[in-house]
Asks: 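Before we start, here is the structure in question, set down as structure tokens.
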Amino acid sequence: MKTALTLSVAIAAALALPLSASAHEAGDLIVRFGAHNVAPDSDNGSLAAGTLEVDVDNSIRPTVMLEYMINRSLGVEVIAALPFQHDISLNGAHAGSTKHLPPTVSLQWHFNPAGKFQPFIGAGLNYTTFFSEKSAGPIAGTDLELDDSWGLALHAGFDVKINDKWMWGADVRWIDIDTDVSVNGADVGTANIDPIVYGVFVGYRF
């Protein structure tokens with residue numbers, strides 16, 4: 001709720017700005033630097049035939065987004081980040097942790113390309129690779145493994161032009177991340193992470 005209110009206030013402030021600005025052009029490269037929070041779904045499913053409820057906590061890391069403009073409204077974006085790290089709980093008890101990288105490629109449509117306030121929406125493909133898994137608590141000493149994941153990603157956000165080169169903005173994504181979990185090589189089920197990823201950034205257009 002606080003995040004939605006903050007984004008609403010930012011959008012309202014942006015709408016109050018003058019509406020003319022230099023539009024993106026075909027061939028432009030936009031680099032955005034920011035910080036994003038990966039907030040897994042509140043229901044991450046269960047393991048071991050439903051006997052272990054899974055909970056994966058949030059993680060915030062610096063991010064970089066590169067977008068190549070095909071024309072003034074359509075762009076292809078790649079987002080990368082430092083590794084996110086999440087604690088994992090089973091039935092409320094801390095049971096381990098993992099790191100992951102979630103590179104995502106999206107095709108994005110920019111509305112109002114000549115305005116100072118430029119909202120956009122997008123959709124694309126996410127690949128998430130998990131590594132540095134550690135077991136703890138009730139499964140301490142076991143070999144915990146999380147399989148990599150492919151899934152759909154949806155994206156929405158806005159840029160606010162500061163001048164012809166610089167901008168700031170905010171965005172939110174939903175990513176389909178499901179990972180098969182194994183303990184000591186035995187498959188124990190699938191964790192449905194499916195996070196909302198939201199953040200703020202500053203950008204520069206080349």
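Note that the numbering runs from 1 along the sequence shown for the chain.
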Asks: L74, F206: one ILVMFWY side-chain cluster at the under-4.5 Å cut-off?
Replies: no
Asks: Looking only at heavy atoms, which two atoms of T51 and A48 are closest? And how far apart?
Replies: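 Shortest heavy-atom separation between T51 and A48 comes out as OG1-O, 2.7 Å.
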Asks: Does I196 belong to the same Ile/Leu/Val/Met/Phe/Trp/Tyr cluster as L154, with side-chain heavy atoms less than 4.5 Å apart forming each link?
Replies: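 Yes, I196 and L154 fall within the same hydrophobic cluster.
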Asks: Residues two or more places apart in sequence or in another chain: which of them pass side chain to side chain contact (heavy atoms under 4.5 Å, CB included) with P62?
Replies: L82
Asks: Say you draw a straight line from CG of L29 to OH of Y204; how long is it, rounded to the nearest 0.5 Å?
Replies: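 Rounded to the nearest 0.5 Å, the CG-OH separation comes out at 11.0 Å.
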Asks: NE2 of H94 to OG of S135: how many Å apart, nearest 0.5 Å?
Replies: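 Reported value, rounded in 0.5 Å steps: 9.5 Å.
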Asks: Same hydrophobic cluster for F33 and I162, using side-chain heavy-atom links shorter than 4.5 Å among ILVMFWY?
Replies: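 Per the 4.5 Å side-chain linkage, F33 and I162 are co-clustered.
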Asks: So, applying salt bridge (charged side-chain N to carboxylate O under 4.0 Å, His left out) with D159, which one of K116, K165, R32 is it?
Replies: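 Going through the options one by one, the only one that passes is R32.
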Asks: Of the options E67, K161, Q118, which is the one that meets H24 in a side chain to side chain donor-acceptor pair (under 3.5 Å)?
Replies: Q118
Asks: Once ring pair (Phe, Tyr, Trp, His ring centres under 6.0 Å) is applied, what residue pairs with a partner in residues 172-192 remain, sequence neighbours excluded?
Replies: none
Asks: Quick one: which residue pairs count as a salt bridge (charged side-chain N to carboxylate O under 4.0 Å, His left out) with a foot in residues 172-184, not counting sequence neighbours?
Replies: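 Counting only pairs at least two positions apart or across chains, the salt bridge (charged side-chain N to carboxylate O under 4.0 Å, His left out) contacts touching residues 172-184 are E77-R173, D171-R173.
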Asks: Residues two or more places apart in sequence or in another chain: which of them pass side chain to side chain contact (heavy atoms under 4.5 Å, CB included) with V202?
Replies: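 V202: side chain to side chain contact (heavy atoms under 4.5 Å, CB included) contacts with W168.
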Asks: Checking F120 now: which residues fulfil ring pair (Phe, Tyr, Trp, His ring centres under 6.0 Å) with it, not counting sequence neighbours?
Replies: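 If we apply the ring pair (Phe, Tyr, Trp, His ring centres under 6.0 Å) test to F120, skipping adjacent residues, the hits are H110, H155.
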Asks: Where is the tightest heavy-atom contact between T63 and A81, given as atom of each residue plus distance?
Replies: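 Heavy atoms only, the tightest pair is CG2-CB, 3.6 Å.
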Asks: Where do P119 and N112 come nearest, in terms of heavy atoms and distance?
Replies: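 Closest approach of P119 to N112, heavy atoms only: CD-CB, 4.4 Å.
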Asks: Report yes if the distance between the aromatic ring centroids of F158 and F117 is under 6.0 Å, otherwise no.
Replies: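 When the ring centroids of F158 and F117 are compared, they turn out to be within the sub-6.0 Å range.
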Asks: In terms of hydrophobic clusters joined by side-chain contacts under 4.5 Å, are V31 and V160 together?
Replies: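 Yes, same cluster.
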Asks: Nearest 0.5 Å, what's the CG-OG1 distance between D147 and T190?
Replies: 8.5 Å
Asks: Treating T104 as the side-chain partner and P102 as the backbone partner, does any N or O pair qualify as donor plus acceptor under 3.5 Å?
Replies: yes
Asks: Could you tell me which non-hydrogen atom of Y198 sits nearest to which non-hydrogen atom of A39, and how far apart they are?
Replies: CE2-CB, 4.3 Å
Asks: If you link ILVMFWY side chains whenever their heavy atoms are less than 4.5 Å apart, which other residues fall into the same cluster as Y127? By chain and number, please.
Replies: L125, W150
Asks: Looking just at side-chain N and O atoms, do T128 and H100 make a donor-acceptor pair shorter than 3.5 Å?
Replies: no
Asks: Would you please name every residue forming a side-chain hydrogen bond (donor to acceptor under 3.5 Å, both in side chains) with T129, sequence neighbours left out?
Replies: D148
Asks: Less than 4.5 Å apart, side chain to side chain, heavy atoms only: is that true for N58 and P40?
Replies: yes
Asks: So how far is it from I121 CD1 to Q108 CD, rounded to the nearest 0.5 Å?
Replies: 9.5 Å
Asks: Can you pull out every salt bridge (charged side-chain N to carboxylate O under 4.0 Å, His left out) where at least one residue sits in residues 194-206? Sequence neighbours excluded, please.
Replies: D28-R205
Asks: By the rule that ILVMFWY residues connect when side-chain heavy atoms come within less than 4.5 angstrom, directly or transitively, which residues belong alongside F84?
Replies: V38, L47, L52, V54, V56, I88, L90, F130, I139, L144, L146, I175, I177, V181, V183, V188, I193, V197
Asks: Who else is in the cluster with M167 when I, L, V, M, F, W and Y are joined by side-chain contacts under 4.5 Å?
Replies: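 Via sub-4.5 Å side-chain contacts, M167 links to I30, M69.
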Asks: Report the C-alpha distance between N126 and L152 in whole Å, list the side-chain angles of each, state the deciding distance to 0.1 Å, and finish with yes or no for side chain to side chain contact (heavy atoms under 4.5 Å, CB included).
Replies: CA-CA 6 Å; N126 165 262; L152 175 69; over 6 Å; no
Asks: Under the salt bridge (charged side-chain N to carboxylate O under 4.0 Å, His left out) rule, what pairs show up with a residue in residues 81-108, not counting sequence neighbours?
Replies: none
Asks: Would you list the pairs meeting salt bridge (charged side-chain N to carboxylate O under 4.0 Å, His left out) in which at least one residue belongs to residues 39-59, sequence neighbours left out?
Replies: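 Listed by first then second residue: nothing to list.
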Asks: Could you tell me the separation between the NE2 atom of H86 and the CG atom of N44, rounded to the nearest 0.5 Å?
Replies: 10.0 Å
